[in-house]
Amino acid sequence: MKITFEDIRANEAVQTYIKKADESLTALGYTEHSFPHVMKVAKTASDILLQLGYSEREAELARIAGYLHDIGNVINRVDHAQSGAVMAFRILDNMGADPEDIATIITAIGNHDESTAFPVNAVAAALILADKTDVRYTRVRNQAISNFDIHDRVNYSVKESEVKIQKDSHLELRLVIDTQMCAVMDYFEIFLNRMILCRKAAEKLGLEFWLVINGQRLI
């Protein structure tokens with residue numbers, strides 16, 4: 001059976017796991033990981049593959065992986081990529097999904113967290129790029145600016161964020177940040193490993209990865 005993205009979105013268990021996972025992260029003080037995040041990651045991952053000429057099915061698998069990628073946080077933030085992959089396997093298997101599709105999706109989910117990630121295939125690479133480039137002020141839930149930690153400051157400082165594949169074969173993350181809220185070096189302090197991973201993921205797709213902040217290319 002060819003499971004579709006809409007099948008996954010309509011699944012009540014999936015909706016519950018996303019909601020409860022985000023509740024856990026809220027309690028731990030993390031930025032938003034709920035439906036706005038997973039929908040954005042799903043769309044970006046799909047769009048990347050479509051722009052590069054991958055098939056509609058591969059793009060849909062990336063969209064499904066993007067939507068499911070953070071459900072493991074309902075168990076624990078530690079190793080959430082691996083636990084999320086196991087959860088996704090059970091969900092997809094119970095829905096009668098094709099084993100090859102399941103394998104592609106859970107491989108991508110299990111390889112998206114920077115502590116253990118590697119772009120082992122195109123879907124995994126697209127998921128990594130989509131997830132690690134979702135930096136924006138709307139993900140900050142702490143309303144007290146005086147109590148912001150560095151993650152809050154970095155995300156809150158990002159006023160514009162765009163991921164785009166350029167004609168000269170590079171994928172560009174273009175940010176406009178408020179440097180009064182966050183210095184550029186603060187961004188690198190917490191996101192350097194993510195940007196290195198993005199470079200590896202882009203290379204898997206035959207692209208260079210560029211980070212442009214306030215009009216200046218930094219990577």
Could you tell me whether a side-chain N or O of [X] sits under 3.5 Å from a main-chain N or O of [Y], the two making a donor and an acceptor?
| X | Y | value |
| --- | --- | --- |
| Arg174 | Glu160 | no |
| Thr179 | Cys182 | no |
| Gln82 | Gly110 | yes |
| Glu32 | Arg141 | no |
| Gln166 | Leu171 | no |
| Lys132 | His112 | yes |
| Asn155 | His151 | yes |

Run through Leu218, Ile219, Leu173, Val176 and flag the one making a side chain to side chain contact (heavy atoms under 4.5 Å, CB included) with Ile213.
Leu218
How many angstroms lie between atom [atom1] of [X] and atom [atom2] of [Y], to the nearest 0.5 angstrom?
| X | Y | atom1 | atom2 | result |
| --- | --- | --- | --- | --- |
| Leu127 | Ile48 | CG | CD1 | 9.5 Å |
| Asp22 | His33 | CG | NE2 | 8.0 Å |
| Ile102 | Leu92 | CD1 | CG | 5.5 Å |

Electrostatic pair Glu203-Lys200, nearest N-O below 4.0 angstrom:
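No, this pair does not count.
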Is there a path of hydrophobic side-chain contacts, each under 4.5 Å between heavy atoms of I, L, V, M, F, W or Y residues, that connects Leu211 with Val158?
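Leu211 clusters together with Val158.
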Between Thr116 and Asp113, does any side-chain donor sit less than 3.5 Å from a side-chain acceptor?
no
May I ask you to check whether Ser55 and Glu58 show a side-chain donor-acceptor distance below 3.5 Å?
yes
When the ring planes of Phe35 and Tyr67 are compared, do they come out parallel, tilted or perpendicular, using 30° and 60° as the limits?
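Judged by the thresholds at 30° and 60°, the geometry between Phe35 and Tyr67 is tilted.
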On the six-membered ring of Phe5, is Arg63 placed so that its NZ or CZ lies under 6.0 angstrom from the centre and within 45° of the ring axis?
yes
